[in-house]
Chemist: 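Following this message is one structure expressed as structure tokens.
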Amino acid sequence: MILIKDGRLIDPSQGLDGEYDILIREGRVEKIGPRGSIGVEGCEVIEAEGLWVIPGMIDMHCHLREPGYEYKETIRTGTLAGLAGGFTALVAMANTDPVNDDASVTRYILEKAEKEGMCRVCPVGALTRGMKGENLSDIGELREAGVVALSDDGRPVARSEIMRRGLEYAKAFDLPIISHCEDPDLSKGGVMNEGRVSTLLGLKGIPSISEVIMIARDIALAGFTGGRLHIAHVSTREGVQLIREAKAKGIEVTAEVTPHHLTLTEEALKDFDTNAKVNPPLRTEEDREALIEGLKDGTIDVIATDHAPHSPVEKEVEMDLAAFGMVGLETALPLMLRLVEEGVLEPLSLFEKVTVNPARILGIEGGSLRQGSRADAVLIDPGKEWVVDPSLFHSRGRNTPFKGWKMKGKVVKTILEGKVVYG
Ligand code: DOR
């Protein structure tokens, strides 16, 4: 038995924010009581005075790269980075090699995660075979093998007919489709947001309309089919507004935003840092503010990292040749906490975006410390200051534009099914 004592429990699933003690037994939450109300006899005591205790965070969008790109990341290193960042479940995108478009690949990932993973891994199945956007994967088999969602993330599903059928089939299996919204023609050749900064730098831009047009299409298809649509990494003001309007109409759509789109703008590319090259690109200050507004009013349900590790071979090259993506698991928490510090979000509404909301959208266990639930929890020191040093990351990826940033807030301990697995 473990007793987490004297901490500030913040659990959005129960609307709790206050001083509570938590008793854990056999991997489950046995009891929650006001500070000092649970006896300590026979317990291993974790003193959490001055710390925040939250349900283990769920990252509903990351790239673990295994199988196929183990030089960028493995299930082992990615899940360790997850634990260090406060995540106890990682939702792994399908753009591996081979692509996770087949039950055998899903089973391989789950077996590998069981053997070598440090936290839970929930695989996403590719919506289309080989992520080529031409033929649907065998959704029923993927579901049976254990995928929690379907996505060709990394690539858009260009053909509307395929997206329509995908939404219809996925609905039959009660799986959400996570859509990477980008019009490939409009984005073609672009490396950053199209606008003032891209013009100044002489780099080809990706216009906001590339995202907006696909969000509009996918919302229309979700309304038409009744399928469940989740928009990945929203980056544009107009995109947020479309999602807001769709929700008001009762269309089944949810959305996520990354910590980097909430923090940075296109200005981050001004000194040609390829680590700031991501897809969708960092946009303008106006977009960033609209994303924050979307979080505040509930238009955006989830914060997800889009953790995209790459090796120096892919990043220490010219901007045009560099791969899109940045690592995110080990910097997400302090970047999110800036929103609390700035008075934008209360801790309860911040943490619902990484706990109860992703669990609900994906239909998975976790994201709650309610009595009887899995004892996945994180202890955070919200005031701890530290400087980002990528060489200390547990992830194999070092590609972050936050190198040298002074952060506030750090994970002290991560608990997985009642066991301290980090800290
Ligand atoms: O920046 C990105 N990197 N965006 C994506 O959609 C894919 C990801 C990757 O797999 O590297």
Side-chain angles (χ1 to χ4, degrees), residues 59-75 77-78 81 90-101 109 123-124 126-128 130-131 133 149-158 177-184 186-188 190-193 205-206 210-211 214-215 218 230-236 239 255-264 266 268-269 273-283 302 304-315 317 319-329 331-332 395-402:
D59 185 8
M60 81 171 279
H61 187 145
C62 67
H63 299 270
L64 294 183
R65 306 298 191 207
E66 192 173 357
Y69 303 106
E70 288 83 354
Y71 68 98
K72 297 180 197 247
E73 190 80 287
T74 63
I75 286 174
T77 57
L90 301 179
V91 176
M93 283 298 162
N95 60 344
T96 47
D97 183 16
V99 165
N100 185 15
D101 62 0
I109 293 168
V124 171
L127 180 62
T128 70
M131 289 179 43
L150 298 163
S151 182
D152 278 4
D153 178 73
R155 286 195 201 151
V157 177
I177 290 187
I178 302 176
S179 183
H180 171 121
C181 288
E182 175 183 8
D183 180 308
L186 288 168
S187 293
K188 204 168 180 182
V191 296
M192 67 173 295
N193 184 49
I206 299 173
S210 168
E211 172 174 294
M214 286 301 241
I215 292 181
D218 285 354
H230 177 80
I231 311 281
H233 42 51
V234 187
S235 69
T236 56
E256 73 189 28
V257 62
T258 71
H260 49 271
H261 288 103
L262 290 168
T263 312
L264 300 172
E266 56 185 0
L269 285 110
D273 181 4
T274 57
N275 291 318
K277 179 179 174 184
V278 275
N279 193 13
L282 300 166
R283 304 278 186 187
V302 168
T305 66
D306 197 5
H307 175 80
H310 289 294
S311 80
V313 176
E314 289 130 351
K315 280 295 194 180
V317 290
M319 191 64 81
D320 277 345
L321 302 176
F324 287 100
M326 66 174 80
V327 288
L329 288 170
T331 48
S395 167
R396 227 167 233 188
R398 303 281 186 258
N399 48 309
T400 176
F402 297 111

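Note that ligands are numbered from 1 as they come in the structure, with each ligand's atoms numbered from 1 the same way. Keep in mind it's a predicted model, so treat the numbers as computed, not measured.
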Chemist: Identify, with sequence neighbours excluded, every residue that meets side-chain contact (heavy atoms from CB on, under 4.5 Å) alongside Thr74.
Modeler: Glu66, Glu70, Arg76, Thr77, Arg396

Chemist: With sequence neighbours left out, what residues match Asn399 under side chain to side chain donor-acceptor pair (under 3.5 Å)?
Modeler: none

Chemist: Parallel under 30°, tilted from 30 to 60°, perpendicular over 60°: which one fits the rings of His233 and His61?
Modeler: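 Rings of His233 and His61: tilted, 30 to 60°.
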
Chemist: Could you walk me through whether His260 and Asp306 pass the side-chain hydrogen bond (donor to acceptor under 3.5 Å, both in side chains) check?
Modeler: CA-CA 9 Å; His260 49 271; Asp306 197 5; 5.1 Å; no

Chemist: Using a 4.0 angstrom limit on heavy atoms, which residues are close to ligand 1?
Modeler: His63, Arg65, Asn95, Asp153, Gly154, His180, His233, Val278, Asn279, Asp306, Ala308, His310, Phe324, Gly325

Chemist: Met214 versus Ser179: any side-chain heavy-atom pair under 4.5 Å?
Modeler: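 Side chain of Met214 against side chain of Ser179, heavy atoms only: no contact under 4.5 Å found.
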
Chemist: Using the side-chain contact (heavy atoms from CB on, under 4.5 Å) criterion, which residues pair with Ala126? Sequence neighbours excluded.
Modeler: Ala94, Val99, Asp101, Met131, Ser137, Asp152

